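Here the structure is laid out as structure tokens; the discussion comes afterwards.
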Amino acid sequence: MSGDKEDFVPLIPGRVNMYVCGITAYDVCHLGHARSAVVFDIIKRYLRYRGFEVRHARNITDIDDKIIARAAKENISTEEVARKYTAEYYRDMELLGVSRADIEPNATDHIAEMIQTIQGLIAKGFAYPVDGDVYFEVSKFTGYGKLSKKNPADLLSGARVDVDERKKSPLDFALWKASKEGEPFWESPWGKGRPGWHIECTSMSSKYFGDSFDIHGGGADLIFPHHENEIAQSEAFSGRPFVKYWMHNGFITVDREKMSKSLGNFFTIKDILDKYEPEVVRYFLLTAHYRSPIEFSDVQLNEAEMSIDRYYTTVMRINDYIETAGDREKAVPSSELEEMLTSFKDKFHHAMNDDFNTAQALGYIFELIREVNRFLDAKPSGQKAKGLVVQTRDLLAEVGGVLNIFNKTAREWYSSLMKVKKIALSESDLQEKINERQRARENKDWAAADNVRNALAEKGIILEDKKDGTAWKIRVG
RNA sequence: GGCGACGUACCCAAGUGGCUAAGGGGGAGGUCUGCAAAACCUUUAUUCAGCGGUUCGAAUCCGCUCGUCGCCUCCA
């Protein structure tokens, strides 16, 4: 609310109630929806990792004008539209490693609660019915605009507020809308109708979390009017502060412009996942701070792919080392690695404690990756060295787990890349080629060996010769 | 018009009062290798849009200018 970073102190020590605006289920999701979901998924995971008991609610709006329009267009019911796109949403989210929320309320399951809230608002003088609609009277709520830092007078003078003669003020917004002929409706004290958009979050958050809760999140475009209106409704109704910490993620941009449905410059999650591994997309979303805009481009996705590949390449190297390292103690300089292992978690926590600075956290991860590679370059052996390397691997896996990246085996990563890059070669055929090349190499027939390697390279497969065999990777970037 | 955010190397991107301005990608040179690949090393911002100011000290705070974007209408 202050617009600044603040120390996080939950209302109840050790517990966090977090409500995040989900989607309106009227179309397939684009990358912007993914960002919001991934950002708050990571916030939840990190808070849990640090020992908070987090209850996470994420709503689905399953009735609204756009759903009605979509249903008319597809000639199916609004329920079917909502069901279809909710299913698509969950499918996309699962691929991106976004966990399910603990509470996933639908608007249409909470009509009774919303009617109750609206009745309460009317009783307290904050709302008025007109011809089957009910409006919230903004002028009755002092503090309107405190989140979006707008003042009502400025808003009034703006020409972009819709004018409706029946409303007392253009700023007043609908809590309940009378249904038109043929539209879905619910019975209410004001006649047949359906809820306005903002009221569901007020009624559902208070049902599950009470009048006040810790974190409310969503995309920055929800700040006004959606979240501003939620505050007005909720605080007018309960008389208590609504949300302690507001968190809003920045936009995805394309050519520096906001990716959005209305501009038509959006990429659906589905389209992107046809070209990129889901982990790449997730990683990409973590490379910038969640509040900053992030430019979507193939260059950026390719860089993300390369970064992840650097991780898996190192993991492969670590695992090879652990399997093959001798027991003979051979000390090599290890103080820098040891130092880094000691301080690593503190650094990671420090980055994440600072408003979930995933970009900085990734920086630390790659510092550790470089350090362990340096250590392995020195060709150490013995139990102590092995212990340090195992510790590094476990640490990387642990923080990767918090971000829900780096959670595959190297083999799974490359298999997955092979599919997404549509390389038409089975892994067994590939192994056969590698064996063929190995025989040539044993005969020092370098020309034949290079032929095999070049042929595979053309398909996007890269070979790495090591002392005890040849590994394959998929070219990235 | 009102409100807000941002401008860090060739590209992306952390850093918001004080140690050498993280990290990734790219370029150049090198070590290793049958040759590669990977990895590592050296190098690539005496400087943080520009100009003023505050301060012992600023990329970081303040003011102005320029530029970009967002919200003010459904929108993640």
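Computed from heavy atoms alone, side chains included, the values below leave out hydrogens, waters and symmetry copies. Within every chain, numbering begins at 1; the chains are lettered A, B, ... in the order of the sequence lines, protein sequences first and strands thereafter. Quantities reported herein were computed from a predicted structural model and do not represent experimental measurements.
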For this session: Answer with base, sugar-phosphate or nothing: what part of the nucleic acid does K473(A) contact at a heavy-atom distance below 4.0 Å?
Result: sugar-phosphate

Exercise. Could you give the CG-to-C1' distance, from L286(A) to A14(B), as a whole number of Å?
Worked result: 14 Å

For this session: Pick base, sugar-phosphate or nothing for E295(A), based on heavy-atom distances below 4.0 Å to the nucleic acid.
Result: nothing

Problem set entry | Whole-Å C1' distance, U8(B) and C56(B) | 26 Å

Exercise. Could you state the interatomic distance from CD (E104(A)) to OH (Y89(A)), rounded to the nearest 0.5 Å?
Worked result: 7.5 Å

For this session: May I ask you to say what G250(A) touches in the nucleic acid, namely base, sugar-phosphate or nothing, with a heavy-atom cut-off under 4.0 Å?
Result: base

For this session: Considering just the side-chain nitrogens and oxygens of N357(A), establish if one lies under 4.0 Å of OP1 or OP2 belonging to G15(B).
Result: yes

Exercise. With distance as the sole criterion, do the side chain of E303(A) and the base of G24(B) form a donor-acceptor contact below 3.5 Å?
Worked result: yes

For this session: Describe the nucleic acid contact of E464(A) in one word from base, sugar-phosphate, nothing, applying a heavy-atom distance below 4.0 Å.
Result: base

Exercise. R437(A) near the nucleic acid: base, sugar-phosphate alone, or nothing, with a heavy-atom cut-off under 4.0 Å?
Worked result: base

Exercise. Among the nucleotides C41(B), G25(B), A14(B), which one has an atom lying closest to any side-chain atom of R374(A)?
Worked result: C41(B)

For this session: Describe the nucleic acid contact of R441(A) in one word from base, sugar-phosphate, nothing, applying a heavy-atom distance below 4.0 Å.
Result: base

Exercise. G219(A) near the nucleic acid: base, sugar-phosphate alone, or nothing, with a heavy-atom cut-off under 4.0 Å?
Worked result: sugar-phosphate

Exercise. Phosphate oxygens OP1/OP2 of C71(B): is one of them under 4.0 Å from a side-chain N or O of K149(A)?
Worked result: no

Exercise. Taking atom C1' in both A21(B) and A58(B), what distance in whole Å separates the two?
Worked result: 13 Å

Seminar exercise, completed: Considering only heavy side-chain atoms of L155(A), the closest of C72(B), G23(B), A76(B) is C72(B)

Problem set entry | Any N/O donor-acceptor pair, K261(A) side-chain to C74(B) base, under 3.5 Å | no

Exercise. Toward the 5' end of RNA chain B, which comes first, Q300(A) or R453(A), by nearest nucleotide?
Worked result: Q300(A)

Exercise. Which part of the nucleic acid, if any, lies within contact of M316(A), taking any heavy atom under 4.0 Å across all strands shown: a base, the sugar-phosphate backbone alone, or nothing?
Worked result: nothing

Problem set entry | Pairing partner (Watson-Crick or G-U wobble, both distances under 3.5 angstrom) of A13(B) | none

Exercise. When all nucleic acid strands are considered with a 4.0 Å heavy-atom cut-off, which category describes A288(A): base, sugar-phosphate, or nothing?
Worked result: sugar-phosphate

Exercise. Are OP1 or OP2 of C40(B) and a side-chain N or O of N373(A) less than 4.0 angstrom apart?
Worked result: yes

Exercise. Can you check the H289(A) NE2 to U16(B) P distance for me, whole Å?
Worked result: 12 Å

Problem set entry | Contact under 4.0 Å: W446(A) side-chain N or O vs A36(B) OP1/OP2 | no

Exercise. Across all strands, who's sitting opposite A28(B) as a Watson-Crick or G-U wobble pair, both distances under 3.5 Å?
Worked result: U42(B)

Exercise. So, is T61(A) near the phosphate of C74(B), with a side-chain N or O under 4.0 Å from OP1 or OP2?
Worked result: no

Exercise. Checking all strands, does R291(A) fall into the base, sugar-phosphate, or nothing category for heavy-atom contacts under 4.0 angstrom?
Worked result: nothing

Exercise. When all nucleic acid strands are considered with a 4.0 Å heavy-atom cut-off, which category describes L222(A): base, sugar-phosphate, or nothing?
Worked result: sugar-phosphate

Problem set entry | Pairing partner (Watson-Crick or G-U wobble, both distances under 3.5 angstrom) of C51(B) | G63(B)

Problem set entry | Whether F366(A) stacks on the six-membered ring of G24(B) base, 5.5 Å and 30° limits | no

Exercise. Just one of H198(A), H248(A), H216(A) clears the ring-ring contact (aromatic ring centres under 6.0 Å, His included) bar with H226(A), so which one?
Worked result: H198(A)

Problem set entry | Stacked cation flag K261(A) on F266(A), 6.0 angstrom / 45 deg | yes

Problem set entry | Pairwise P distance for C6(B) and A49(B), with rounding to whole Å | 12 Å

Exercise. Per the atom types in the model, does the base of C32(B) pair as donor or acceptor with the side chain of D377(A) at under 3.5 Å?
Worked result: no

For this session: Check every strand shown and say whether I252(A) touches a base, only sugar-phosphate, or nothing at a heavy-atom separation below 4.0 Å.
Result: base

Problem set entry | Pairing partner of U68(B) (Watson-Crick or G-U wobble, both distances under 3.5 Å) | A5(B)

Exercise. Is there a side-chain polar atom (N or O) of R370(A) under 4.0 Å from OP1 or OP2 of A22(B)?
Worked result: no

